[in-house]
Number of protein chains: 2
Amino acid sequence: MSTTEQDRNISSSFAKGLAVLAVFDAATPSMTLAEIARRTGQDRATARRGALTLVQAGYLRQQGRMLSLTPRVLALAGGFLQANQFGRRVQPVLNQHAAKLETEVTLATLDQGRVLLLAQSTTERGIVTYGFTAGAHIPLAHTSLGRMLLACLPNEDAERAIIQADIPKHTEQSLTRPEAILEQIDAARSQGFSVTDSEFEPGIIGYAVPVSRPDQTPVVVGSSAPRGIDAGRASQRLLQGLQVCAAELRQTEAVNDL
Amino acid sequence: MSTTEQDRNISSSFAKGLAVLAVFDAATPSMTLAEIARRTGQDRATARRGALTLVQAGYLRQQGRMLSLTPRVLALAGGFLQANQFGRRVQPVLNQHAAKLETEVTLATLDQGRVLLLAQSTTERGIVTYGFTAGAHIPLAHTSLGRMLLACLPNEDAERAIIQADIPKHTEQSLTRPEAILEQIDAARSQGFSVTDSEFEPGIIGYAVPVSRPDQTPVVVGSSAPRGIDAGRASQRLLQGLQVCAAELRQTEAVNDL
DNA sequence: TGACATAAGTTCGATTTACGTACTAAACAT
DNA sequence: ATGTTTAGTACGTAAATCGAACTTATGTCA
């Protein structure tokens with residue numbers, strides 16, 4: 001008879017606790033209890049129980065009044081990475097193409113209205129971009145990876161995602177009108193690749209092509225590089241290289257239906 | 001009056017749910033509900049609530065009756081990796097030394113009586129070993145990484161860890177007597193490095209040196225390579241290279257007190 | 001086909017657990 | 001010294017979890 005109709009199959013305490021764990025991201029690597037409570041929208045006492053449970057389980061660490069993630073969270077990801085043979089099948093492919101194309105190559109999928117980086121080639125040289133790693137989130141609207149991912153979806157889903165996303169102006173070149181972005185996504189869908197220029201990081205051109213087959217979970221590979229002199233020829237070469245990389249990844253069967 | 005005195009600061013439902021998430025590892029990448037219940041030791045109904053909550057939160061995926069991890073678990077690890085600047089500071093160092101030494105280089109720490117791989121250099125060539133990735137667990141007793149990690153601990157802690165660990169005979173060469181293994185750990189402690197030969201993977205020699213300073217959380221770097229002809233000279237070169245690598249990692253301050 | 005084994009879904013009352021308010025105390029900043 | 005943010009504690013109540021028992025579905029072997 002109460003207003004709160006509760007699904008008996010779902011453990012609400014558990015869901016709240018997970019929200020506490022998920023609130024630790026790149027922007028806020030360590031937080032106080034009060035901050036956790038605020039960001040999760042939970043009562044302070046509730047957030048405290050969740051956080052202390054995570055400390056006891058070894059996923060959070062308490063130093064003074066600050067809480068931060070422990071390496072143990074990596075073990076959770078390890079299950080996924082090993083199940084899909086990222087070490088053996090995916091990473092070597094990315095590295096080979098990265099070396100050949102002399103850029104970084106990134107594998108990504110959709111997650112919660114953002115791009116989730118799944119794997120990143122690592123070259124011998126330092127890292128060009130922000131130093132994103134697997135598990136990092138980047139925006140959908142202003143990256144080649146994001147637009148290509150949206151282009152893998154039915155039109156209406158892509159529209160919904162863009163409308164719901166907030167569109168900050170990362171750089172001077174960032175497109176801000178949703179219609180303009182959707183046009184780019186349409187173009188990516190028909191062309192089979194997407195390119196963005198300085199819309200997220202100034203001076204960086206990003207490329208992306210699809211890996212997933214239609215009706216699978218969208219997965220894409222991309223690369224970003226500083227805008228060079230001979231951008232046209234470089235584009236051709238990069239896009240062709242990425243297409244080959246995507247084809248090889250499809251053959252590994254490792255990234256099918258993530 | 002009941003026998004179970006319960007800490008009001010800990011959410012037991014949450015802890016049980018976390019146990020469900022943690023049960024997905026390399027050995028069992030996808031499981032049925034009944035299997036989860038068995039492996040967590042939880043009641044079937046309890047395990048079911050936990051698993052369904054994880055599905056709703058997007059960390060598990062249900063295909064038929066099998067449950068498996070989704071890429072979203074990577075986002076949890078992403079928080080840790082970005083907080084400690086693995087992409088910018090750690091990975092480039094590992095890659096550089098891997099290229100120079102022509103092996104793989106692995107960064108690892110202790111977790112739950114096993115070695116937890118934190119990061120792995122990736123060369124352009126394929127991967128030599130099993131294809132372990134960050135987040136993977138390998139045994140303490142028979143790997144150079146594990147012995148070096150234990151050598152970072154006080155003697156009594158190392159002894160306790162070895163006694164509690166089960167010591168399977170992975171290869172013909174695997175040491176089985178706890179005393180013999182502890183001797184090796186002592187040697188590693190006084191020498192400042194550890195070497196194992198074919199005790200985990202046949203024909204592979206592993207090397208490891210400490211990264212963490214005394215009284216910090218143990219962290220080590222290591223590398224493994226097939227046993228070559230000129231093992232002696234190669235050892236010298238590898239160990240020196242790893243020492244330099246460890247020193248550089250210390251300077252980054254990224255892996256201090258994980 | 002039938003019998004058996006394993007897995008999944010459902011129900012429900014008793015009990016435990018988590019909730020959140022209210023209060024105290026400590027740390028910090030102005 | 002004063003206001004502000006944060007943490008820890010306590011506890012009555014409301015709500016969620018527990019787990020046993022049962023039913024249904026799926027798959028397996030003779």
Side-chain angles (χ1 to χ4, degrees), chain A residues 1-25 27-70 83, chain B residues 1-25 27-70 83:
Chain A
M1 265 325 274
S2 70
T3 59
T4 55
E5 194 171 317
Q6 179 62 14
D7 186 346
R8 305 260 288 171
N9 298 326
I10 297 293
S11 168
S12 63
S13 314
F14 181 25
K16 285 176 196 164
L18 282 173
V20 170
L21 185 57
V23 93
F24 288 83
D25 61 354
T28 55
S30 76
M31 309 168 74
T32 65
L33 281 176
E35 212 169 343
I36 294 171
R38 256 183 275 116
R39 303 228 348 191
T40 56
Q42 296 176 2
D43 186 89
R44 213 167 44 79
T46 305
R48 181 168 185 270
R49 277 187 285 270
L52 290 183
T53 305
L54 284 165
V55 169
Q56 194 197 245
Y59 293 105
L60 284 187
R61 169 163 214 225
Q62 200 165 15
Q63 322 193 47
R65 41 179 51 182
M66 300 311 269
L67 292 150
S68 52
L69 294 171
T70 70
Chain B
M1 253 344 258
S2 72
T3 60
T4 54
E5 193 169 321
Q6 178 63 14
D7 186 346
R8 306 261 283 168
N9 299 325
I10 298 292
S11 168
S12 65
S13 314
F14 181 25
K16 286 177 195 163
L18 282 173
V20 170
L21 186 57
V23 94
F24 288 85
D25 62 354
T28 54
S30 74
M31 310 169 74
T32 65
L33 281 176
E35 212 168 344
I36 294 171
R38 257 184 272 116
R39 303 227 348 191
T40 56
Q42 296 174 4
D43 185 271
R44 216 165 41 79
T46 304
R48 182 167 184 268
R49 278 187 287 271
L52 291 183
T53 305
L54 284 165
V55 170
Q56 195 198 243
Y59 293 105
L60 284 187
R61 174 167 209 220
Q62 199 165 15
Q63 322 191 47
R65 40 179 53 180
M66 298 313 268
L67 292 149
S68 52
L69 294 171
T70 69

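The sequence lines fix the lettering, A, B, ..., with proteins before strands; numbering per chain opens at 1.
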For the side chain of [X], starting at C-beta, report the closest nucleotide among [options].
| X | options | answer |
| --- | --- | --- |
| A:Ser12 | D:dT17, C:dG20, D:dT6 | D:dT17 |
| B:Arg49 | D:dG19, C:dA7, C:dG9 | D:dG19 |
| B:Arg48 | C:dA7, C:dA18, C:dG9 | C:dG9 |
| A:Leu33 | C:dA18, D:dG8, C:dG20 | D:dG8 |
| B:Arg65 | D:dG19, C:dG13, C:dA8 | C:dA8 |

Under 3.5 Å: donor-acceptor pair, side chain of [X], backbone of [Y]:
| X | Y | value |
| --- | --- | --- |
| B:Thr53 | B:Arg49 | yes |
| B:Ser30 | B:Met66 | no |
| B:Gln62 | B:Val55 | no |
| A:Thr40 | A:Ile36 | yes |

N or O in side chain of [X] less than 4.0 angstrom from [N] OP1/OP2:
| X | N | value |
| --- | --- | --- |
| B:Ser13 | D:dT17 | no |
| A:Lys16 | C:dC19 | yes |
| B:Thr46 | D:dG19 | yes |

Please report, rounded to the nearest Å, how far the [atom2] atom of [N] is from the [atom1] atom of [X].
| X | N | atom1 | atom2 | result |
| --- | --- | --- | --- | --- |
| B:Asp7 | D:dA10 | CG | P | 12 Å |
| A:Gln62 | D:dT6 | CD | P | 15 Å |
| A:Asp43 | C:dT17 | CG | P | 20 Å |
| A:Leu67 | D:dT6 | CG | C1' | 12 Å |
| B:Gln42 | D:dA20 | CD | C1' | 17 Å |
| A:Ile36 | D:dT6 | CD1 | P | 12 Å |

No-H, no-angle donor-acceptor pair, A:Arg8 side chain to D:dG19 base, under 3.5 Å: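 Answer is no: no donor-acceptor pair is held.
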Side chain to side chain, A:Leu67 and A:Met31, heavy atoms closer than 4.5 Å: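 SC-SC contact between A:Leu67 and A:Met31 ruled out.
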pair B:Leu54-A:Leu18: side-chain heavy atoms closer than 4.5 Å: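 Yes, their side chains come closer than 4.5 Å.
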Expected rows: protein N/O vs nucleotides 22-24 of chain C N/O, under 3.5 Å:
none

Donor-acceptor side-chain pairing of A:Arg48 and B:Asn9 below 3.5 angstrom: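 On atom types as modelled, these side chains qualify, holding a pair under 3.5 Å.
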Sugar-phosphate only, base, or nothing, as touched by B:Ala45 at under 4.0 Å among non-hydrogen atoms: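 B:Ala45: base contact, heavy atoms under 4.0 Å.
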Sugar-phosphate, base or nothing in reach of B:Ile10, heavy atoms under 4.0 Å: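 Sugar-phosphate, no base atom in range.
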Residue mapping more 5' on DNA chain D - nearest nucleotide basis, A:Leu52 or A:Phe14: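 The 5'-side residue here is A:Leu52.
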Derivation of the side-chain contact (heavy atoms from CB on, under 4.5 Å) call for A:Leu52 and A:Leu60: CA-CA 8 Å; A:Leu52 290 183; A:Leu60 284 187; over 6 Å; no
